[in-house]
Amino acid sequence: MSDPRILTVRPEPGEYAWTFGGAAPVARIAPGTVLDLYTEDCFAGRVRSEKDLVSEVCEFPFLNPQTGPFHVEGAEPGDTVAVHFVSIEPARDWAASSTVPLFGALTSTHTTATLQPPLPETVWIWQLDRTRRTALFRAHDSDIEVELPMDPMHGTVGVAPANLEVRSALVPDAHGGNMDTPEMRAGVTCYLGVNVEGALLSLGDGHARQGEGETCGVAVECAMNTVVIVELLKGLATPWPRIESDTHIISTGSARPLEDAFRISQLDLVRWLVRDYGFSELDAYQFATQAVESPLANVCDTNYTCVAKIRKEWLPTRETHRGVHARLRETATTLR
């Protein structure tokens, strides 16, 4: 097998995409290409100290810059793009988090409108020890300091939506986007259904770590150096973003209200079991009910995202998505 082509992309400040759909591709890539990417944090690198309030240094809607989009040659509606995350590494020794007025799960928002004032706008700067793989939390109102393990991930990965839509990079939906699931870490393969010619793949919104649900709306946000392998599965549809790890198959669903996001992820998992693992629909429904894990991804974005995952060791031995995860894992070992 020939060595994969490697494309390195380090965007200049004016070269990021802010939407899925509606942006011209920065490059055309053949299936099998390795992308060596720099992604900026969700604040476009503007929140650098505790004095840099998001409302003062950032300009809405220019949040969550994406590296890309990339035109995948041969990709057409009805196909699937597979994105294997070889490595996700913080590009700086610090990361930022914040409360943002009228944003988050435990505050009034524009749609959950109440008389109470917004929460105070506060910034926390997290120190990252990239050698020890830790992220240091320092409390503002006490002397509490806690080191948490780094668990780098990408909050946002997606393709152009269907039906000529252009979606903000802040929005998760069937095209992917700002799903904010900690499952999107190094070693996994993300499957995205193609909606337009070339797919137009982008990613960004690196997190040094994030709890399930991203409760305040902001993770430990940092710039990333990320390596992915992009593959194309012709004639294989993927209605909602899926993730495959070495241990689990994982479906996602994004919607409001939260129970609809839950239903989408669970239904997609049931249909995955039927298509690739030999279950009937009702058997899959029963089996998933007893075996599924259902972590929250986000409960703060324009759409909420739920995850449904099942351990591979509990499933019949079958090939899913044409075995591409195992092949890309093997390729990834040659890049390290």
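At a cut-off of 3.5 Å, with distance as the only test, a side-chain donor of E293 or H248 sits close to an acceptor on the other residue. Judged by distance alone, the side chains of T181 and E183 never bring a donor and an acceptor atom under 3.5 Å apart. When only modelled atom types and interatomic distance are considered, S168 and T19 share no side-chain donor-acceptor pair under 3.5 Å. Side-chain contact of T305 with D180: a donor-acceptor pair under 3.5 Å is absent, judged by distance alone. Of the N and O atoms on the side chains of T226 and E89, not one donor lies less than 3.5 Å from an acceptor on the other residue.
Classification of the F137-W126 ring pair by plane angle, with boundaries at 30° and 60°, yields tilted.
Distance alone, capped at 3.5 Å, places no donor-acceptor pair between the T334 side chain and the E330 backbone. A donor-acceptor distance shorter than 3.5 angstrom exists from the side chain of T252 to the backbone of P241, with no hydrogens or angles considered. Not one N or O on the side chain of N303 forms a donor-acceptor pair closer than 3.5 Å with the backbone of D173. Side chain of D129 to backbone of R133: no donor-acceptor contact under 3.5 angstrom is found. Using a distance-only test at 3.5 Å, with no hydrogens or angles considered, no donor-acceptor pair links the side chain of D36 to the main chain of T8. In this structure, the side chain of N298 engages the main chain of C300 through a donor-acceptor pair within 3.5 Å. Panel note: side chain K312, backbone E244; no donor-acceptor pair is recorded below 3.5 Å. Side-chain N or O atoms of R209 include none that pairs as donor or acceptor with a backbone N or O of M153 at under 3.5 Å. For the pair T99 (side chain) and T122 (backbone), a donor-acceptor distance under 3.5 Å is present. Between the side chain of E221 and the backbone N or O of A219 there is at least one donor-acceptor pair closer than 3.5 Å.
No more than 12 heavy atoms of other residues, nucleotides or ligands lie within 6.0 Å of CZ in F262, so this atom counts as exposed by the packing criterion. Heavy-atom contacts from other residues, nucleotides or ligands closer than 6.0 Å to CZ of F287 number more than 12. Residue E281 places its CD atom among 12 or fewer non-hydrogen atoms of other residues, nucleotides or ligands, all under 6.0 Å distant. Under a cut-off of 6.0 angstrom, the local environment of CD in E197 is sparse, with at most 12 non-hydrogen atoms contributed by other residues, nucleotides or ligands. Under a cut-off of 6.0 angstrom, the local environment of CD in E313 is crowded, with over 12 non-hydrogen atoms contributed by other residues, nucleotides or ligands.
Residues H175 and W240 place their aromatic rings such that the two centres sit no closer than 6.0 Å. When ring centroids are compared, H325 and H84 come within the 6.0 Å threshold.
Between D79 and K234 there is a salt bridge, with a side-chain nitrogen of the basic residue lying less than 4.0 Å from a carboxylate oxygen of the acidic one.
Contact of the R322 side chain with the L236 side chain is registered, since non-hydrogen atoms from C-beta on lie closer than 4.5 Å. Taking 4.5 Å as the limit, some side-chain heavy atom of M150 sits within range of a side-chain heavy atom of L128. Residues P61 and W18 form no side-chain contact, since every pair of their non-hydrogen atoms from C-beta on lies 4.5 Å or further apart. Side-chain contact between V54 and V47 is present, with heavy atoms from C-beta onward closer than 4.5 Å. Counting heavy atoms from C-beta on, the side chains of V196 and P77 never come closer than 4.5 Å. Looking at P257 and Y304, their side chains never come closer than 4.5 Å, going by heavy atoms from C-beta outward. Here the side chains of D52 and V123 are not in contact, with every heavy-atom distance at 4.5 Å or above. When side chains are defined from C-beta on, L37 does not count as touching N225, because their heavy atoms never get closer than 4.5 Å.
No chain of hydrophobic side-chain contacts below 4.5 Å, direct or via other Ile, Leu, Val, Met, Phe, Trp or Tyr residues, connects L102 to L63. Transitive grouping of hydrophobic side chains (ILVMFWY, heavy atoms separated by less than 4.5 Å) brings F85 and M179 into a common cluster. With hydrophobic clusters built from ILVMFWY side chains whose heavy atoms lie under 4.5 angstrom apart, L233 does not share a cluster with V72. In the hydrophobic clustering of ILVMFWY residues, with side-chain heavy atoms under 4.5 Å counting as a link, L269 and L192 come out apart. If you chain together hydrophobic residues whose side chains sit under 4.5 Å apart, V228 and V159 fall into the same group.
Taken to the nearest 0.5 Å, the CD atom of E231 stands 10.5 Å off from the OH atom of Y191.
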**Item:** R271/D268 under salt bridge (charged side-chain N to carboxylate O under 4.0 Å, His left out): CA gap, chis, key distance, verdict
**Value:** CA-CA 5 Å; R271 288 178 171 165; D268 186 72; over 6 Å; no
